[in-house]
Amino acid sequence: MTAHTTAHSTLPSPLQRVAIIMLSAAGDAVHALPVLNAIKRRDPDSYITWVMQPGPATLVRGHPAVDEIVLFDRARGWRAFLDVRRALATPHEIVVDLQVYLKAGIITAMANAPVKLGFDRARAYDLNWLFTNRQIAPHPMQHVQDQYLEFLAALGIGKDPVTWGLGPWDSERAAQKEFLAKFDRPIVPLVIGSSKPQKNWLPERWAAVADALSADFGLRPVLVGGRSPRELETERAILAQAREPVFSALGSGLRPLVGILDGAPLVVSLDTGPLHMAVALDRPVISLIGYGNPKRIGPYRKFHDLMIDAYGDPGEDYPVSMKNRSGHMPRITVKDVLDRAEIWKSRYARSKGRKS
């Protein structure tokens, strides 16, 4: 194993073959895109391979900055590592490990590259620093997006402008238009579920919000997300309790979801991947955050006036951290959401609207 050093001028430039290690999930994939875009902006002839899990891979397949996707399928167990090792046998100049956990470290070690860049030791969990031979400079905890952008500084690449290029692709516009044509008014996607139950909100409050957004704001609520048992249970409760019509598009898939979010003048979301997709698409989003630290995982650089922060106590100036706080989501009331909808109506409704 080679000596571990902080990355500076020892890194290759221009880059030709780059492997990106970021396995999961949709939100992290969104945060990784500005890194790839910046590499391509400086080195347009570079070839970027991204190792990721099948779910988030569906979000970025077809992206102009992604030349190749290598799937890490957890369902295959130990064989998934063998699959990746074979795929990464092709020589690369550098591996950029954006993830700090053991699985990502093992994959980084397998890659055929002389330079393996990862987080500094203080932020590299699961002994991840053992699998890299270059580290980004130590830095206090900050927003996840900014942490990923630190890798660009280590590569000597400017981060600005921060762009995602999430789409919709030209080939997806017809399907987007067909979906939006179903509605007689602008839609408001409601992201009603996340992978962690501690991030979820009460179904009866979703139903009340859906009714008010329909009756008072002239929007058609559309339930979006996956089809996990929790999401389906929440869907059933909302549809049973809502008095106004509510449309469900659960299970649409990530690429169709891009079109849905892009076509909406407003999104309401829990702390989960579609929240960051909405920000990347410049869609005003009311974010309901109580479990994770909003300074680390909240909407990036925009729509903070629409964010509901139930993480902190009243008047608390909490630090940026990875500490989660259970039991805070019930603090968010229906009035909290509708108050943010009034802010949206006064500040964003005209300038951010998309024609349905």
Side-chain angles (χ1 to χ4, degrees), residues 1-25 27-43 46-53 56 65 70 72 81 84-85 88 90-160 162 293 295-297 300 319-323:
M1 188 171 292
T2 57
H4 292 71
T5 60
T6 300
H8 286 297
S9 58
T10 55
L11 297 178
S13 177
L15 298 173
Q16 295 179 347
R17 292 193 70 95
V18 182
I20 303 290
I21 313 297
M22 169 47 69
L23 306 178
S24 61
D28 288 327
V30 171
H31 289 138
L33 283 174
V35 177
L36 279 71
N37 287 333
I39 292 173
K40 284 287 190 179
R41 192 162 55 235
R42 191 194 71 173
D43 301 329
S46 60
Y47 187 91
I48 299 180
T49 300
W50 191 344
V51 182
M52 60 197 320
Q53 292 178 5
V70 172
F72 176 79
F81 291 98
V84 172
R85 184 173 68 178
L88 294 183
T90 301
H92 291 74
E93 290 174 293
I94 184 170
V95 172
V96 178
D97 184 1
L98 297 174
Q99 211 155 17
V100 294
Y101 300 112
L102 182 61
K103 286 182 296 186
I106 294 173
I107 291 171
T108 298
M110 291 176 172
N112 182 5
V115 178
K116 300 179 179 182
L117 176 65
F119 276 99
D120 57 287
R121 186 167 178 174
R123 291 181 286 177
Y125 297 95
D126 286 352
L127 302 178
N128 186 267
W129 59 273
L130 290 174
F131 302 100
T132 60
N133 54 24
R134 300 287 191 280
Q135 283 84 41
I136 62 175
H139 194 285
M141 186 74 69
Q142 56 181 340
H143 194 283
V144 172
Q145 182 67 82
D146 287 317
Q147 288 192 159
Y148 291 173
L149 295 176
E150 291 178 48
F151 283 80
L152 293 174
L155 293 169
I157 298 175
K159 65 180 181 180
D160 294 319
V162 177
N293 188 309
K295 295 180 180 180
R296 180 175 176 271
I297 50 79
Y300 184 66
V320 184
S321 75
M322 295 182 67
K323 181 181 178 181

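- Rounding to the nearest 0.5 Å gives a distance of 4.5 Å between CD of Glu150 and CD1 of Ile136.
- Residue Asn133 comes nearest to Pro114 through the heavy atom pair ND2-O, 3.0 Å, listed as atom of the first residue, atom of the second, then distance.
- Taking 4.5 Å as the limit, every side-chain heavy atom of Tyr300 sits out of range of all side-chain heavy atoms of Val144.
- For the pair Leu98 and Ala32, the tightest heavy-atom approach, listed with the atom from each and the gap, is CD1-CB, 3.8 Å.
- Annotation for Leu23 and Ala104: closest pair CD1-N, 4.2 Å, computed over non-hydrogen atoms.
- Looking at Arg17 and Thr90, their side chains come closer than 4.5 Å, going by heavy atoms from C-beta outward.
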Step by step, work out the side-chain contact (heavy atoms from CB on, under 4.5 Å) result for Leu155 and Leu117. CA-CA 9 Å; Leu155 293 169; Leu117 176 65; 4.1 Å; yes
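- In this structure, Gln147 CD and Phe119 CZ are separated by 5.0 Å, a value rounded to the nearest 0.5 Å.
- No side-chain heavy atom of Arg296 sits less than 4.5 Å from a side-chain heavy atom of Gln142.
- The heavy-atom pair separating Leu152 from Gly158 by the smallest distance is CD1-O, 4.3 Å.
- Between Val320 and Lys295, the shortest heavy-atom distance links the atoms CG2-CB, 3.7 Å.
- Side-chain contact between Gln145 and Pro34: present, with at least one pair of heavy atoms (C-beta onward) separated by less than 4.5 Å.
- Taking CG from Asn37 and NZ from Lys159, the interatomic distance works out to 15.0 Å, rounded to the nearest 0.5 Å.
- Asn293 has its side chain out of reach of Lys323: every pair of non-hydrogen atoms, C-beta onward, lies at least 4.5 Å apart.
- Taking the side chain as every heavy atom from C-beta outward, Thr49 and Ile20 never approach each other to under 4.5 Å.
- Of the inter-residue distances, the one linking Ile107 atom CD1 with Leu102 atom CG reads 10.0 Å to the nearest 0.5 angstrom.
- Note that OG of Ser46 and NZ of Lys40 are 4.0 Å apart. Values are rounded to the nearest 0.5 Å.
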Between Ser24 and Gln99, is the side-chain contact (heavy atoms from CB on, under 4.5 Å) condition met? List the steps. CA-CA 9 Å; Ser24 61; Gln99 211 155 17; 3.3 Å; yes
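- Counting heavy atoms from C-beta on, the side chains of Leu15 and Arg42 come closer than 4.5 Å.
- The shortest side-chain heavy-atom distance between Val162 and Leu149 falls under the 4.5 Å cut-off.
- Side-chain N/O atoms of Asp97 and Thr132 include no donor and acceptor closer than 3.5 Å.
- Note: Met22 CE to Tyr148 OH = 3.0 Å, rounded to the nearest 0.5 Å.
- For Glu93 (side chain) and Gln16 (main-chain N/O), a donor-acceptor pair under 3.5 Å exists by modelled atom type.
- The nearest pair of heavy atoms linking Ala29 to Met52 is CB-CE, 4.3 Å.
- The backbone N or O of Leu88 lies less than 3.5 Å from no partner atom in the side chain of His92, so there is not a single donor-acceptor pair.
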Applying side-chain contact (heavy atoms from CB on, under 4.5 Å), run through Lys116 and Arg134 and close with a yes or a no. CA-CA 6 Å; Lys116 300 179 179 182; Arg134 300 287 191 280; over 6 Å; no
Evaluate Asn128 against Thr108 for side-chain contact (heavy atoms from CB on, under 4.5 Å), listing each step before the verdict. CA-CA 9 Å; Asn128 186 267; Thr108 298; 5.6 Å; no
